[in-house]
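Have a look at the structure below, then the notes.
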Amino acid sequence: MGQAKRMWGFDDAERRLLFDATDDIPELREILSRAAPRQDLGGLWVLRATVDELDEIYSLVEALMDGTRSERRLEQLEELLAGLCTSMDGF
């Protein structure tokens with residue numbers, strides 16, 4: 001039996017950032033490609049994924065944080081981590 005799916009949402013700018021970062025990581029790109037925009041949520045992209053899949057994305061975002069000095073980018077990445085934590089914890 002597979003893991004239960006969790007919902008995680010991100011905006012257009014975050015989607016672009018994640019897609020740029022997964023150019024050479026097809027397995028993560030495939031996971032992110034399952035997200036669909038939700039007009040009832042203001043165009044937020046919503047992904048249904050397992051906790052393991054979300055954890056893989058979390059690790060990617062942590063690696064991106066390690067590789068940037070931009071305060072603006074760090075804030076954006078911190079917001080992604082916060083959303084991922086909430087989704088993985090089920091709150």
Side-chain angles (χ1 to χ4, degrees):
M1 180 181 274
Q3 282 187 342
K5 301 276 182 155
R6 306 287 178 130
M7 303 285 264
W8 175 54
F10 46 92
D11 64 23
D12 286 331
E14 293 166 335
R15 182 178 185 271
R16 282 189 299 277
L17 183 152
L18 292 168
F19 266 78
D20 288 347
T22 57
D23 268 345
D24 298 327
I25 313 171
E27 57 277 358
L28 283 181
R29 172 70 65 100
E30 183 178 324
I31 294 167
L32 292 167
S33 294
R34 296 194 321 247
R38 294 272 307 264
Q39 296 312 313
D40 60 323
L41 298 175
L44 192 69
W45 290 84
V46 176
L47 173 66
R48 287 183 43 126
T50 65
V51 171
D52 288 344
E53 290 171 331
L54 293 174
D55 188 53
E56 289 181 46
I57 297 168
Y58 189 98
S59 295
L60 169 69
V61 174
E62 283 184 316
L64 293 173
M65 289 180 81
D66 291 342
T68 190
R69 293 180 184 213
S70 165
E71 285 297 318
R72 182 172 174 257
R73 178 60 57 94
L74 283 172
E75 286 177 19
Q76 185 179 31
L77 293 167
E78 286 172 359
E79 288 177 19
L80 280 169
L81 288 182
L84 283 162
C85 283
T86 300
S87 293
M88 290 188 312
D89 291 340
F91 299 130

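- Side-chain contact between Gln76 and Glu14 is present, with heavy atoms from C-beta onward closer than 4.5 Å.
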Distance-only donor-acceptor pairs under 3.5 Å for side chains of residues 56-68, two or more places apart:
from	atom 1	to	atom 2	distance (Å)
Ser59	OG	Asp55	O	3.2
Thr68	OG1	Ser70	N	3.3

Q: Could you please spell out the steps behind the side-chain contact (heavy atoms from CB on, under 4.5 Å) verdict for Leu77 and Leu17?
A: CA-CA 9 Å; Leu77 293 167; Leu17 183 152; 3.8 Å; yes

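- With a 4.5 Å cut-off on side-chain heavy atoms, Leu84 and Phe10 do not count as touching.
- Residues meeting the side chain to side chain donor-acceptor pair (under 3.5 Å) test with Arg29, sequence neighbours left out: Thr22, Asp23.
- Note on Leu44 and Met88: separate hydrophobic clusters, where clusters join Ile, Leu, Val, Met, Phe, Trp and Tyr whose side-chain heavy atoms are under 4.5 Å apart, directly or indirectly.
- Qualifying side chain to side chain donor-acceptor pair (under 3.5 Å) partners for Arg38, counting only residues two or more places apart in sequence or in other chains: Asp40.
- Among residues two or more places apart in sequence or in another chain, the side chain to side chain donor-acceptor pair (under 3.5 Å) test is passed with Trp45 by Asp12.
- For the side-chain contact (heavy atoms from CB on, under 4.5 Å) test, no residue two or more places apart in sequence or in another chain qualifies with Ala82.
- Taking the salt bridge (Lys or Arg N to Asp or Glu O under 4.0 Å) definition, one finds that Arg34 meets it with Glu53, sequence neighbours left out.
- Each of Phe19 and Val46 belongs to its own hydrophobic cluster when Ile, Leu, Val, Met, Phe, Trp and Tyr are linked at side-chain heavy-atom distances under 4.5 angstrom.
- For the pair Lys5/Thr50, a side-chain contact is recorded, criterion being any heavy-atom separation below 4.5 Å from C-beta on.
- Atom CZ of Arg6 and atom CG of Asp52 lie 11.0 Å apart (nearest 0.5 Å).
- Taking each heavy atom of Pro37 and Gly43 in turn, the nearest pair found is CB-O, 4.2 Å.
- For the atom pair CG (Leu32) and CD1 (Ile25), the distance works out to 9.5 Å, reported to the nearest 0.5 Å.
- Met7 CE to Leu54 CG: the interatomic distance, rounded to the nearest 0.5 Å, is 11.0 Å.
- Within the structure, salt bridge (charged side-chain N to carboxylate O under 4.0 Å, His left out) pairs that include any residue of residues 68-83 do not occur (at least two apart or interchain).
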